[in-house]
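Start at 1 and go down the list; that is how both ligands and their atoms are numbered.
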Amino acid sequence: MTTNLLDLDPAGLASFFAALGEKPFRARQVSHWVHQRFAADVAAMSDLGKALRERLAHDVAIAAPAIVSDTTAADGPRKWLVDVGGANAIEAVYIPEDDRGTLCVSSQAGCALDCAFCSTGKQGFNRNLTTGEIVGQLWHANRALLADGTDAPWVEAGRAPITNVVMMGMGEPLANFDNVVRALALFLDDNAYGLSRRRVTLSTSGLVPQIDRLRDACPVALAVSLHAPTDALRDRLVPINRVHPLAELMAACVRYIEKAPRDFVTFEYVMLDGVNDADTQAHELLALVRGVPCKINLIPFNPFPGSEFRVSPRARIAAFQRLLTEGGLVTTIRKTRGDDIDAACGQLAGKVRDRTKRRLATRIPVVAAR
Ligand code: SAH
Ligand code: SF4
């Protein structure tokens, strides 16, 4: 059977070469070729020796998932629609900023957690992405950006243009724990992408047991999708709250910070007109997060076809921010970018087939969000 090198984390690559009777440095050499020089073929690995290359040519492939489309937004972001088989497609989005290039990576085809305001959630869940499909997004994006020649100021000649990764694309990364942790290991490994833990952020809707597991397995920067200051409202907006309510979630965040690369958690809060954006809710939010070292990131709601919400007016978002800031919380408003190509937060829809497969809604009744 052919092994896809993109599926192997550093430990997996080491045991693969050990099983071939090769020295450990071979694993590092191959990792450099694949993840730093973005080789698509073993034949290109000129320092491996002919016999080993021929052997590998039989045993391994570098199989990134196929790209269905590649679109660049007027304001800079670039979105790849990636075929992951069985009529499913997921999305990866590159977001260039002044001093860094960030890739927003997907972890599942669809999502079972059914948050009321999320386009991915509305599609239901098909399956977890493999490690290779997750890593393949970063591999492909770096390769494509290098091939096109980027003049971005942070890119050193011949080096990977992507400096930051956010696991904020389609899917709930902690519901695909093992494959995501293997991918994170490659993002961090010096022989692969070599990103620091602070430059890799995982966003979760709040799977408490897995937050604890991540803390032990691979503590990267953590963002938590809060979106509501009380259980009553969060139960409706983020249904997983009925399983792991706010008190448990806050406690898990405090535990996480003990090992996290940053000394705060980022709370994401989508601004929904008339739903979660009142002054009283800002005060409730301040009370909720008291004792949790955190920053707040307000995300203007991005509409998608069939969505039942409206974005809070700009002045309301500013007033909400002011209350939080006055209460002592560092609070930013996320810039909406890429919405002309449906690449903004929560607009990633991809194509999810057989969507009703395993939806949280089959276990927990969906309650109308208002
Ligand atoms: N499943 C993970 C990560 C993917 S979603 C999570 O829920 O955290 C990334 C972020 O976009 C989350 O904070 C999510 O709540 C937010 N989001 C989802 N739909 C949105 C929308 N329509 N407008 C703005 N943000 C949205
Ligand atoms: Fe899933 Fe996150 Fe969307 Fe909720 S917001 S449905 S957890 S992708």
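- In this structure, G171 is part of the shell of residues with a heavy atom less than 4.0 angstrom from ligand 1.
- Within the 4.0 Å heavy-atom cutoff, G169 counts among the residues contacting ligand 1.
- With a heavy-atom cut-off of 4.0 Å, C118 touches ligand 2 through its side chain alone.
- Considering backbone and side-chain N/O of F301, none are found under 3.5 Å from N/O of ligand 1.
- In the model, R26 has a side-chain atom that pairs as donor or acceptor with a side-chain atom of Q29 under 3.5 Å.
- Using a 4.0 Å cut-off to heavy atoms of G171, the atoms of ligand 2 that qualify are 8 (S).
- Of the protein's non-hydrogen atoms, C111 SG, 2.3 Å is the one closest to atom 1 (Fe) of ligand 2.
- Comparing M168, Q108, M170, M167 against atom 5 (S) of ligand 1, the shortest heavy-atom distance belongs to M168.
- Residue E268 has at least one N or O atom closer than 3.5 Å to an N or O atom of ligand 1.
- Here the side chains of L249 and L226 are in contact, with some heavy-atom distance below 4.5 Å.
- Other residues, nucleotides and ligands contribute over 12 non-hydrogen atoms within 6.0 Å of the CG atom of D47.
- In this structure, V34 and L13 have side chains that are not in contact, with every pair of non-hydrogen atoms separated by 4.5 Å or more.
- Using a 4.5 Å cut-off on side-chain heavy atoms (C-beta onward), L222 and L202 make contact.
- Using a 3.5 Å distance cut-off with no hydrogens or angles, the side chains of R28 and N191 do not pair a donor with an acceptor.
- Close approach of ligand 2 to S205 is summarised as follows: ligand atoms under 4.0 Å from at least one heavy atom of the residue are 7 (S).
- The shortest N/O to N/O separation between N302 and ligand 1 falls below 3.5 Å.
- A 4.5 Å side-chain heavy-atom check between I62 and L6 finds at least one atom pair inside the cut-off.
- K335 NZ: 12 or fewer foreign heavy atoms inside a 6.0 Å radius.
- The shortest side-chain heavy-atom distance between D59 and L20 falls under the 4.5 Å cut-off.
- Residue contacts with ligand 2: S225 is excluded, as none of its non-hydrogen atoms falls under 4.0 Å.
- When non-hydrogen atoms are compared, ligand 1 lies under 4.0 Å from the backbone of E172 as well as from its side chain.
- Listed by number with element, the atoms of ligand 1 under 4.0 Å from a non-hydrogen atom of S205 are 6 (C), 7 (O), 8 (O).
- When heavy-atom distances to ligand 1 are checked against a 4.0 Å cut-off, H227 comes that close only through its side chain, counted from C-beta outward.
- Within the 4.0 Å heavy-atom criterion, the part of D114 lying near ligand 2 is the backbone and not the side chain.
- Contacts between T204 and ligand 1 below 4.0 angstrom, taking non-hydrogen atoms only, involve the backbone exclusively.
- Looking from atom 4 (Fe) of ligand 2 to the surrounding protein, the closest heavy atom is C115 SG, 2.3 Å.
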Exercise for review: Check the pair E133, R127 against salt bridge (Lys or Arg N to Asp or Glu O under 4.0 Å), reporting the backbone distance first and the verdict last.
Suggested key: CA-CA 12 Å; E133 287 166 340; R127 70 169 173 85; 2.8 Å; yes
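- Of all the atoms in ligand 2, the ones that sit under 4.0 Å from a non-hydrogen atom of G121 are 6 (S).
- Summarising the geometry of A109 relative to I90, their closest heavy-atom pair is CA-CG2, 3.8 Å, with the distance given to 0.1 Å.
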